[in-house]
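Input: a single structure, listed below in structure tokens.
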Amino acid sequence: MFDIKWIRANAEAFDVAVSRRKGVSVRSSDLLAIDDRRREIIGRLNEAQEQRNALSKQIGQAKAQKDEARAAELMSEVARLKDFIPQGEADERAVEAELHAALSTIPNLVLDDVPVGTDESGNVEYFGRNGSAEIAAKLRAPKPSFVFAPKEHYEVGVAAELMDFETAAKLSGSRFVVLKGQVARLERALGQFMLDLHTTEHGYLEVQPPLLVKDAALFGTNQLPKFEEDLFFTPHGDSRLALIPTAEVPLTNMVREAIMSEEELPLRMTALTPCFRSEAGSAGRDTRGMLRQHQFNKVEMVSITTPETSLDEHERMLDCAEAVLRKLGLHYRVMNLCTGDIGFGARRTYDLEVWLPGQDTYREISSVSVCGDFQARRMEARYRPAGEKQAPRYVHTLNGSGTAVGRCLIAVLENYQQEDGSVAVPDVLQPYMGGLTSIGGK
RNA sequence: GGAGAGAUGGCAGAGUGGUCGAAUGCACCGCACUCGAAAUGCGGCAUGGGGGCAACUCCAUCGGGGGUUCGAAUCCCUCUCUCUCCGCCA
């Protein structure tokens, strides 16, 4: 969310930057007009309140001196403010709400190095700050080659047997899956492996957050007010709770309305949770297999940083996500999302796209975003700079998947599939699989 | 689910209709004293917003919202959360 004072001071820059975003038509002049009205209302209200306060104080003094006549006189004087002040307060509330609503629906400004584009075809491959295609090729697993035609994940022998969409449909409808046996265990192994990696090697604090959250939390991480239709809600008393669409929501909102000390930053948290998405806008897309589900597990990373360190943290978090795929020996690429594809709250987003030989394409498996102070403003999340007394400043927030477990399972099944329908277990997962080197097959 | 108690500044904790944005203590910062430190003394120390070049000034905020009143931390209503007891329960 934007600071109206910043927009006032940088009106032109705001208009230019916001116009880079697809489908955003808001202009600074519209917002500043609301703010002008707001200031005028506040000015008049403050004046009236000042008069009332001064007179009330005099009434108190008169009463203390038992001068009832004087007190009565003052009371009649203040009476003429009786109508104006409540009205002014109501006007102020209304115009504040109007401004807040207008600001709530404006997406974040993107950084200068975000490519301009209208859709995902405008995304640009990214090799790191000092990276190159050559260096990346050395670090990452190569595309696997097959002597047979690789199958899609749900066709791979062991998965065809243990990935049960029919039963899931019976229970819950489409876009659900029942995993069984060694495939279920492999999914569990992946989640454990990722969580262990981030907590032991990357310095993230393991968190088990609530999976049901309030509207206020959803507002903080931008799901509300614009993306309500993507969520599942459950009634709760007179209100409702949402099933989290990502652990970004509870993890980031842990610092909501908090003032941290600078020493606590960066705060790095990770969680393995189920995620629930209605997929309202994707009817007909990816209907086969478990690529796009209403429910899936994901390991999420969230960092809370100072403004000075958030861009470095973005690169660091990207590397933490990449480490998962490197250790699993999965081939992937990194894309810098263009202005037409980037999410609402992000200043820049790197997507990790893993290679799926069965689909013969790259598919998103992780998304790593730096949001600047955009979410912090919505959450009122601040920190007090170290040293001399200083006013609190908004923190910066980052989030990234590390990675989507369900999609990672797909990637392992497709990349490690054998001609006989079995699947080799990647080295790093074998300790989590009781030492098994392969599942399925004869 | 039933009954009761509570929510005040970074923390602890006063304050039940007026001069209270809020005593006091702790913590923190500056100064003095000291070779230095401790102790002691003096001073400072909330957040948001409006106006002003600035010094400064005004408004709001004592869990959230609404109300009574000339005036609310204080009275009323309501919501949220916390604690205690009873019941139920993975």
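Naming convention: chains lettered A, B, ... in sequence-line order (proteins, then strands); numbering from 1 in each chain.
- In RNA chain B, runs of at least 3 stacked Watson-Crick or G-U pairs (N1-N3 plus N6-O4 or O6-N4, or N1-O2 plus O6-N3, all under 3.5 Å) give these stems: B:1-7 with B:80-86, B:10-12 with B:24-26, B:28-32 with B:40-44, B:46-51 with B:56-61, B:63-67 with B:75-79.
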Please produce a list of atom pairs where a protein N or O lies less than 3.5 Å from an N or O of nucleotides 6-13 of chain B.
none

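- In this structure, A:E50 places its CD atom 10 Å from P of B:A60, rounding to the nearest Å.
- B:G15 sits 15 Å from B:G63 when the P atoms are compared, rounded to a whole Å.
- Distance CD (A:E47) to P (B:U57): 18 Å, rounded to an integer number of Å.
- For residues 270-286 of chain A, the salt bridge (Lys or Arg N to Asp or Glu O under 4.0 Å) pairs, not counting sequence neighbours, are A:E279-A:R292, A:D286-A:R292, A:D286-A:R363.
- Sorted by first then second residue, the ring-ring contact (aromatic ring centres under 6.0 Å, His included) pairs that include residues 63-117 of chain A, not counting sequence neighbours, are A:H100-A:F219.
- Regarding contacts with the backbone of B:A60, a side-chain N or O of A:N53 is found under 4.0 angstrom from either OP1 or OP2.
- Residue A:L45 contributes atom CG, which lies 8 Å from atom P of B:A60 at whole-angstrom precision.
- For the residue pair A:Q49 and A:N53, no side-chain donor N or O sits within less than 3.5 Å of a side-chain acceptor on the partner.
- Nucleotides B:A12 and B:G17 place their P atoms 26 Å apart, quoted to the nearest Å.
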Report all interatomic pairs (protein N or O, nucleotide N or O of nucleotides 48-55 of chain B) with separations under 3.5 Å.
unit_1, atom_1, unit_2, atom_2, d
B:G48, OP1, A:R382, NH1, 3.3
B:G49, O3', A:R38, NH2, 3.0
B:G49, N2, A:N46, ND2, 3.4
B:G51, OP1, A:R39, NH1, 3.1
B:G51, OP2, A:R39, NH1, 3.4

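- For residues 5-20 of chain A, every residue pair satisfying the salt bridge (Lys or Arg N to Asp or Glu O under 4.0 Å) rule, not counting sequence neighbours, is listed here: A:R8-A:D35, A:R8-A:D36, A:D15-A:R27.
- Summarising the local packing, NZ of A:K226 is surrounded by more than 12 heavy atoms from other residues, nucleotides or ligands at distances under 6.0 Å.
- Comparing B:A5 with B:G10, their P atoms are spaced 29 Å from each other, to the whole Å.
- One can place NE2 of A:H236 at 15 Å from P of B:C79, the figure rounded to the nearest angstrom.
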Which atoms of nucleotides 17-21 of chain B (N or O only) lie under 3.5 Å from a protein N or O atom, and what are those distances?
unit_1, atom_1, unit_2, atom_2, d
B:G18, N2, A:S56, O, 2.8

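- The side-chain contact (heavy atoms from CB on, under 4.5 Å) search around A:E40 returns A:R44, not counting sequence neighbours.
- Within a 6.0 Å sphere centred on CG of A:D112, other residues, nucleotides and ligands contribute 12 heavy atoms or fewer.
- When the P atom is used for both B:A60 and B:G71, the distance is 12 Å, rounded to whole Å.
- Counting heavy atoms of neighbouring residues, nucleotides and ligands inside a 6.0 Å radius, atom CD of A:Q208 does not exceed 12 of them.
- Sorted by first and then second residue, the pairs that involve residues 196-217 of chain A and meet salt bridge (Lys or Arg N to Asp or Glu O under 4.0 Å), not counting sequence neighbours, are A:E201-A:K327, A:D215-A:R240.
- In this structure, the salt bridge (charged side-chain N to carboxylate O under 4.0 Å, His left out) partners of A:E322, at least two apart in sequence or on a different chain, are A:R140, A:R326.
- Taking the P atom of each, B:C62 and B:A7 are spaced 13 Å apart, rounded to whole Å.
- Taken residue by residue, residues 215-223 of chain A places no heavy atom nearer than 4.0 Å to RNA chain B.
- Of the C1' atoms belonging to B:G18 and B:A72, the separation is 10 Å, rounded to the nearest Å.
- In this entry the distance linking CD of A:Q49 with C1' of B:C70 reads 14 Å, nearest Å.
- The distance from atom CD of A:E263 to atom C1' of B:C28 is 12 Å, rounded to the nearest whole Å.
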Taking only nitrogen or oxygen atoms into account, show me every contact under 3.5 Å that the protein makes with nucleotides 62-68 of chain B, one pair per line with its distance.
unit_1, atom_1, unit_2, atom_2, d
B:G66, OP1, A:R93, NE, 3.3
B:G66, OP1, A:R93, NH1, 3.0

